[in-house]
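Notes for the one structure printed next.
Throughout, a chain's letter reflects where its sequence line sits, starting with A, and its residues are numbered from 1.
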Number of protein chains: 2
Amino acid sequence: MTFTDNIGSAAATLTTMAFIPQVWKIWRTKHTADISMGMYVLFTIGVALWLTYGILIGSWPIIMANSFTLVLASAVVAMKSKFG
Amino acid sequence: MTFTDNIGSAAATLTTMAFIPQVWKIWRTKHTADISMGMYVLFTIGVALWLTYGILIGSWPIIMANSFTLVLASAVVAMKSKFG
């Protein structure tokens, strides 16, 4: 991998993994009042489109990163629906 | 633009714009207790790396989407630092 590829991989890893502490925090506290439902609905639809885009262009890094993020962002939407 | 380009553009627009309702919600309520600082620190670093990647490969869509997201994600970090 080139230096540029490494930067891209680090970027994808961080923007995907970032949602883990948020999912964990909500799971632990059951509190979501300060979280914007609008944000997570738009973000989840956007990530689903990124996944579609990855499939259309046949890019495994885009498919993998966005599959993982889709699960995490959907979990926030589900928990926000449940906990309010 | 091809169909695939349109899907990618819609994806980029949604995952960038998604942060606006969250920034607005925090600005309005001054409450950030349920927001994970870990998430926004990792996400902001990741977006800064996406911006670097966009500059390295000369991709204006990546540069523009991530510049905008960097401002919004940094605003959440700043407000979380202030409001706790």
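In this structure, Leu42(A) and Phe19(B) have side chains that are not in contact, with every pair of non-hydrogen atoms separated by 4.5 Å or more.
Phe68(A) is not connected to Val71(A) by any chain of hydrophobic side-chain contacts under 4.5 Å among Ile, Leu, Val, Met, Phe, Trp and Tyr, and they are in different clusters. Cluster membership check: Met1(B) does not share its hydrophobic cluster with Ile55(A), using side-chain heavy-atom separations under 4.5 Å among Ile, Leu, Val, Met, Phe, Trp and Tyr.
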Taking 3.5 Å as the threshold, show me the donor-acceptor pairs across chain A and chain B, one per line with distances to 0.1 Å.
unit_1   : atom_1 : unit_2   : atom_2 : d
Thr15(A) : OG1    : Trp50(B) : NE1    : 3.1
Gln22(A) : OE1    : Ser36(B) : N      : 2.9
Gln22(A) : NE2    : Asp34(B) : O      : 3.0
Lys25(A) : NZ     : Ala33(B) : O      : 3.3
Ala33(A) : N      : Asp34(B) : OD2    : 2.8
Ala33(A) : O      : Lys25(B) : NZ     : 3.3
Asp34(A) : N      : Asp34(B) : OD2    : 3.0
Asp34(A) : O      : Gln22(B) : NE2    : 3.0
Asp34(A) : OD2    : Ala33(B) : N      : 2.8
Asp34(A) : OD2    : Asp34(B) : N      : 3.1
Ser36(A) : N      : Gln22(B) : OE1    : 2.9
Trp50(A) : NE1    : Thr15(B) : OG1    : 3.1

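Among Ala48(B), Ala10(B), Ala12(B), the residue making the largest number of heavy-atom pairs under 4.5 Å with chain A is Ala12(B). Ranked by heavy-atom pairs under 4.5 Å with chain A, the first of Ala11(B), Gly54(B), Gly46(B), Gly8(B) is Ala11(B).
With a 6.0 Å radius and a threshold of 12 heavy atoms from other residues, nucleotides or ligands, Phe83(B) has its CZ atom above the threshold.
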